[in-house]
There are 2 protein chains.
Amino acid sequence: MTSGLGGFAPKYQQIAEALRRDIQEGRYQPGERLPAETALAERFKVSLPTIRQAVGVLRSQGIVESKHGIGTFVRQDHRLERRSRCRYGRARSDGKLLTSHLRHDIVFAGTEQAPARIAEAMGISEGTEVITRRRVLYDKETNTPEEIGASYIPADIARGTFLEKRDVVPKALFLCVEDLSGKRYHHARDQWIARSATPEEIVTLGLPQGGHVMHVIHTARAEDDTVLEVSESIWPADRVTIIDEYLIDQEANVPDVPSQI
Amino acid sequence: MTSGLGGFAPKYQQIAEALRRDIQEGRYQPGERLPAETALAERFKVSLPTIRQAVGVLRSQGIVESKHGIGTFVRQDHRLERRSRCRYGRARSDGKLLTSHLRHDIVFAGTEQAPARIAEAMGISEGTEVITRRRVLYDKETNTPEEIGASYIPADIARGTFLEKRDVVPKALFLCVEDLSGKRYHHARDQWIARSATPEEIVTLGLPQGGHVMHVIHTARAEDDTVLEVSESIWPADRVTIIDEYLIDQEANVPDVPSQI
DNA sequence: GAACTCTACTCCTCATTAGGAGTTGACGAC
DNA sequence: GTCGTCAACTCCTAATGAGGAGTAGAGTTC
């Protein structure tokens, strides 16, 4: 059966579009519950699976969130701003973390075999042992998880040190690594990707099924190019905006790589 | 009915997981067609809608792509590297674009009312007229769309100039703007977000339903802080990796904003 | 050989039906 | 008042059936 009157798009898409408009025009406020699926089915005069398919579209777009047994709610799209650099700064070498509004939860510290993506960033072969420190960062007020993070330090720098202990470090991690290695952080390479969340990330970050994450792998090197630390951070993709502010250096050498004009 | 033997996850998730493993372990190669849905339904001994739901999971993760009337195919996950800065560089002021391997298709040039996000970046009110140049970039070899882009130039700089004409500009756009404004590009602010694609983006970039994009808004200013240009670029999220290489300046002032440690 | 048609195959849409599982709030027993 | 029970409500999973629409290839006709 075709939809007959009006639209040429499938019914479920028309319904998704109608609901999306309702939300954008404020008929359903952020945080508010949508009518039950059965009610929507009646309102749009379609069957329940069609409604579910329509709501599924909105879910996959992060516009609404369904809670089993409770209802479907309009999500508020709050994006937190994140600086893309600004990881370091001796201005804060008092030991105060840059992220003091977040609660740091160190979930693991010890020796691990480097996963492929980290090994590649470090320039070592997959499975080589590295010292790993994993953390989850929570908003202190709302107590919601905001970030999954991990730092990987080469074994020859950190093996047998306090970095293998699951304690809070006395000062910013990079300062500890500088002390232990005798070298200073000099240059870095950040690698950003957006991808769909893994099942573990969905659980840890409280994401909806099929949610996406922003994933950055940060490789910090000394002046002699040895890797001092690889760290990664993972955020819910729809809760962050990455901000990067910089001076334009028109004289800089331009690598011959793809880039937008 | 519960799934009975073995798994505790829903059937469709188990099937999605099984297929995902098959793909990752190479039993289905990139570009290859998956068995038809009816065949899969028989193999997994479930009904067709359940198979469709399972395949839908893989689709939403960008692992496979379905083509109506043809079949479902394993996508190859090629991410192109993009430099996050490197927009400028007089080293190339011969006029050669940084993106010479891409075909630039200027789809619009003229006066428009600034959309909200652009107005905010420019510090003007929504609806103010700006000179807009929209483009779509195609890979010269495969002829596939790789990027949607647009540049917005304040009317007092570009109104009545050749920038309103839908022609290729004689040299890099920022050099034209510098000539017209009499000011030089000095500093910039980039704003990255990952979000789900709009219907237009899905069509233009050839994305699967529910695909995601990486969206950057780039605001370039002169030394006196006036905005010279706001430009935006949109890529398929699963086809790009953003690369950022830089020197670490530990003495820099650290803004008091959220940031990973 | 070239163009057309027709068929078989593919994925897509939608209705109907059934039961499972989590949450909330009202009610009654204590 | 407090606690536990239970019913009503919510979303979730799954099967079945029917038809629609796009594609490719075999076969036929010219």
Side-chain angles (χ1 to χ4, degrees), chain A residues 1-19 28 31-60 63-75 199 202-203 206 208-210, chain B residues 1-19 28 31-60 63-75 199 202-203 206 208-210:
Chain A
M1 189 224 297
T2 66
S3 58
L5 300 132
F8 291 69
K11 281 187 187 177
Y12 77 94
Q13 279 183 17
Q14 292 181 37
I15 293 168
E17 185 56 25
L19 289 174
Y28 299 120
E32 196 178 334
R33 213 203 74 191
L34 253 56
E37 291 171 347
T38 50
L40 289 175
E42 195 168 341
R43 165 178 162 194
F44 287 104
K45 308 242 181 290
V46 295
S47 71
L48 217 144
T50 303
I51 286 293
R52 282 193 55 72
Q53 202 175 358
V55 174
V57 171
L58 302 182
R59 250 199 308 269
S60 78
I63 295 175
V64 303
E65 183 178 6
S66 295
K67 294 180 184 171
H68 192 167
I70 309 182
T72 299
F73 298 84
V74 179
R75 289 186 64 185
I202 287 175
V203 172
Q209 278 294 328
Chain B
M1 191 221 299
T2 68
S3 57
L5 299 132
F8 290 69
K11 281 187 188 177
Y12 76 94
Q13 280 182 17
Q14 292 181 38
I15 294 168
E17 185 56 26
L19 290 173
Y28 300 119
E32 196 179 334
R33 213 202 75 191
L34 253 55
E37 291 171 348
T38 50
L40 289 175
E42 195 168 342
R43 166 179 162 194
F44 287 105
K45 310 242 182 290
V46 295
S47 70
L48 219 143
T50 303
I51 285 293
R52 281 193 55 73
Q53 204 175 356
V55 175
V57 171
L58 301 182
R59 249 199 309 269
S60 79
I63 296 175
V64 303
E65 182 177 7
S66 296
K67 294 180 183 172
H68 191 166
I70 310 181
T72 299
F73 298 84
V74 180
R75 288 185 63 184
I202 287 175
V203 172
Q209 278 294 326

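FYI, side chains are in, hydrogens and waters are out, and symmetry mates aren't considered; it's all heavy atoms of this structure. Everything numeric in this text was worked out from a predicted model, so none of it was measured.
- Neither OP1 nor OP2 of dA15(C) sits under 4.0 Å from any side-chain N or O of Lys45(A).
- For Tyr12(B) and dA14(D), the shortest distance from a side-chain N or O to OP1 or OP2 is not below 4.0 Å.
- For the pair Leu34(A) CG and dC11(D) P, the interatomic distance rounds to 9 Å; values are reported in whole Å.
- The nearest whole Å value for the distance from the CD1 atom in Ile51(A) to the P atom in dC12(D) is 13 Å.
- To the nearest 0.5 Å, atoms CD (Glu65(A)) and CD1 (Ile70(A)) are separated by 10.0 Å.
- Exactly one residue among Thr38(A), Leu19(A), Ile15(A) makes a side-chain contact (heavy atoms from CB on, under 4.5 Å) with Ile51(A). That residue is Ile15(A).
- Looking at heavy-atom distances under 4.0 Å, Val55(B) makes no contact with the nucleic acid at all.
- Lys67(A) places its NZ atom 13 Å from the C1' atom of dG22(C), with the value rounded to the nearest Å.
- Put simply, the side chain of Gln14(A) gets close to the backbone of Ala9(A): a donor and an acceptor are under 3.5 Å apart.
- Of the side-chain N and O atoms in Thr38(A), none sit less than 4.0 angstrom from OP1 or OP2 of dC9(D).
- Between Leu48(B) and Gln53(B), the residue anchored closer to the 5' end of DNA chain D is Gln53(B), taking for each the nucleotide with the nearest heavy atom.
- The interatomic distance linking Glu37(B) (CD) with dT10(C) (P) rounds to 10 Å, in whole Å.
- Separating the CZ atom of Arg52(A) from the P atom of dT10(D) is a distance of 14 Å, rounded to the nearest angstrom.
- The structure places CZ of Arg59(B) at 5.5 Å from CZ of Arg52(B), a figure rounded to the nearest 0.5 Å.
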